[in-house]
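Counting begins at 1 with the first residue of the sequence.
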Amino acid sequence: AGVPTGTPAGSIWLHPPPQDWEQRQEEDTLLIERILLLLRNVLHVPPDPVEEQGVDGDASVHDRVLWALHVSGMDDLLKFLASAQAEQQWALHVLEIISLMFRDQDPEELAALGQGQAEHGEDTRELETLRQRELAEKRARVLQRTSRHSRFGGSYVLQGLKAIGDRDVVFHKGLHNLKSYSHDLGKEPRRVPRRCQAV
């Protein structure tokens with residue numbers, strides 16, 4: 001399939017390129033490449049905020065260039081070059097042009113425009129359902145893991161048993177060691193000389 005001849009974009013070339021890329025002349029290939037590079041360079045021009053001061057709803061220069069490309073049929077030509085198997089040599093040029101076409105667009109707004117509100121709501125509900133299912137599976141995995149014996153060895157405050165000063169004792173061992181608690185726990189025992197030891 002050649003370039004659609006019913007569109008004004010077909011008038012860019014003096015004649016539509018042959019179906020087989022091997023039959024295409026070198027001049028045709030250079031012309032296509034130069035046109036794609038010109039289009040890329042035109043779209044690559046950065047916006048000038050000083051010149052583009054207008055009414056809020058006014059279209060920017062970039063938007064007007066995109067509208068002119070659409071009216072001329074160039075967007076159809078780009079779609080053809082992007083989708084035709086025989087035109088793969090232009091894929092990077094077309095990709096660059098398309099990325100420049102969407103340069104100032106917000107991806108969320110584009111996604112919302114591409115879907116109807118009903119589809120968007122349905123997708124949101126489906127995502128929420130999947131999220132709830134994932135959270136339930138995560139909770140189930142956590143509950144399965146807690147079947148082991150807990151060796152919680154936190155810190156406890158022994159109320160009524162005073163430490164140095166007026167504060168309560170803080171016990172750092174497990175609760176099963178509480179019965180053997182003494183104030184000397186963890187201290188080095190004082191060495192008693194042999195002559196003072198009981199015989």
Side-chain angles (χ1 to χ4, degrees), residues 1-138 140-141:
V3 175
T5 55
T7 61
S11 64
I12 292 176
W13 289 282
L14 296 176
H15 53 84
Q19 291 220 356
D20 194 4
W21 65 271
E22 293 173 347
Q23 297 174 0
R24 189 176 291 152
Q25 299 289 326
E26 181 69 25
E27 296 87 30
D28 293 335
T29 305
L30 286 173
L31 181 64
I32 294 170
E33 184 175 14
R34 288 177 182 154
I35 290 172
L36 290 175
L37 288 176
L38 175 68
L39 182 57
R40 181 200 66 187
N41 291 342
V42 166
L43 290 173
H44 198 271
V45 174
D48 187 8
V50 174
E51 284 191 23
E52 293 188 17
Q53 288 180 351
V55 184
D56 285 341
D58 198 16
S60 66
V61 174
H62 183 77
D63 292 340
R64 284 184 271 169
V65 168
L66 290 178
W67 181 252
L69 291 175
H70 173 68
V71 169
S72 71
M74 192 65 162
D75 56 344
D76 294 329
L77 183 64
L78 288 172
K79 285 189 275 188
F80 165 74
L81 289 175
S83 62
Q85 190 70 26
E87 306 296 338
Q88 286 184 348
Q89 62 183 354
W90 312 117
L92 288 177
H93 290 301
V94 172
L95 180 66
E96 198 171 8
I97 290 169
I98 291 173
S99 72
L100 288 171
M101 289 170 83
F102 292 113
R103 175 180 64 192
D104 297 329
Q105 303 299 322
D106 183 28
E108 292 177 1
E109 287 181 17
L110 289 175
L113 288 175
Q115 299 175 341
Q117 289 297 331
E119 291 177 6
H120 183 66
E122 183 179 318
D123 289 345
T124 305
R125 274 184 258 117
E126 185 177 337
L127 283 174
E128 187 63 31
T129 305
L130 289 172
R131 188 174 152 271
Q132 294 296 332
R133 186 181 314 153
E134 184 178 317
L135 287 174
E137 290 173 1
K138 195 176 195 179
R141 282 196 305 268

Does [X] reach the side chain of [Y], with side-chain heavy atoms less than 4.5 Å apart?
X	Y	answer
Met101	Leu78	yes
Leu100	Val42	no
Asp75	Leu66	no

For residues 130-137, which side-chain N or O atoms pair as donor and acceptor with protein atoms under 3.5 Å away, sequence neighbours left out?
residue, atom, partner, partner atom, Å
Arg131, NH1, Glu128, OE2, 3.0
Gln132, NE2, Glu128, OE2, 2.9

**Item:** Steps toward side-chain contact (heavy atoms from CB on, under 4.5 Å) verdict (Leu31, Gln25)
**Value:** CA-CA 10 Å; Leu31 181 64; Gln25 299 289 326; over 6 Å; no

**Request:** Determine, stepwise, if the pair Leu39 / Leu43 fulfils side-chain contact (heavy atoms from CB on, under 4.5 Å).
**Result:** CA-CA 6 Å; Leu39 182 57; Leu43 290 173; 4.3 Å; yes

State the [atom1]-[atom2] distance between [X] and [Y], to the nearest 0.5 angstrom.
X	Y	atom1	atom2	result
Leu36	Arg34	CG	CZ	12.5 Å
Asn41	Ile97	CG	CD1	9.0 Å
Glu33	Gln89	CD	CD	8.5 Å
Trp90	Leu77	CH2	CG	11.5 Å

**Under the ring-ring contact (aromatic ring centres under 6.0 Å, His included) test, residues paired with His70 that sit two or more places apart** =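 Scan of His70 (ring-ring contact (aromatic ring centres under 6.0 Å, His included), adjacent residues dropped) gives Trp67.
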
**Item:** Test side chain to side chain contact (heavy atoms under 4.5 Å, CB included) applied to Asp106 - qualifying residues, sequence neighbours left out
**Value:**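 Counting only residues at least two positions away or on another chain, Asp106 forms a side chain to side chain contact (heavy atoms under 4.5 Å, CB included) with Glu108, Glu109.
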
**Message:** With a 6.0 Å cut-off (strictly less than), is the heavy-atom count around CG of Leu92, excluding the residue itself, greater than 12?
**Reply:**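 Atom CG in Leu92 is not crowded, with 12 or fewer foreign heavy atoms closer than 6.0 Å.
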
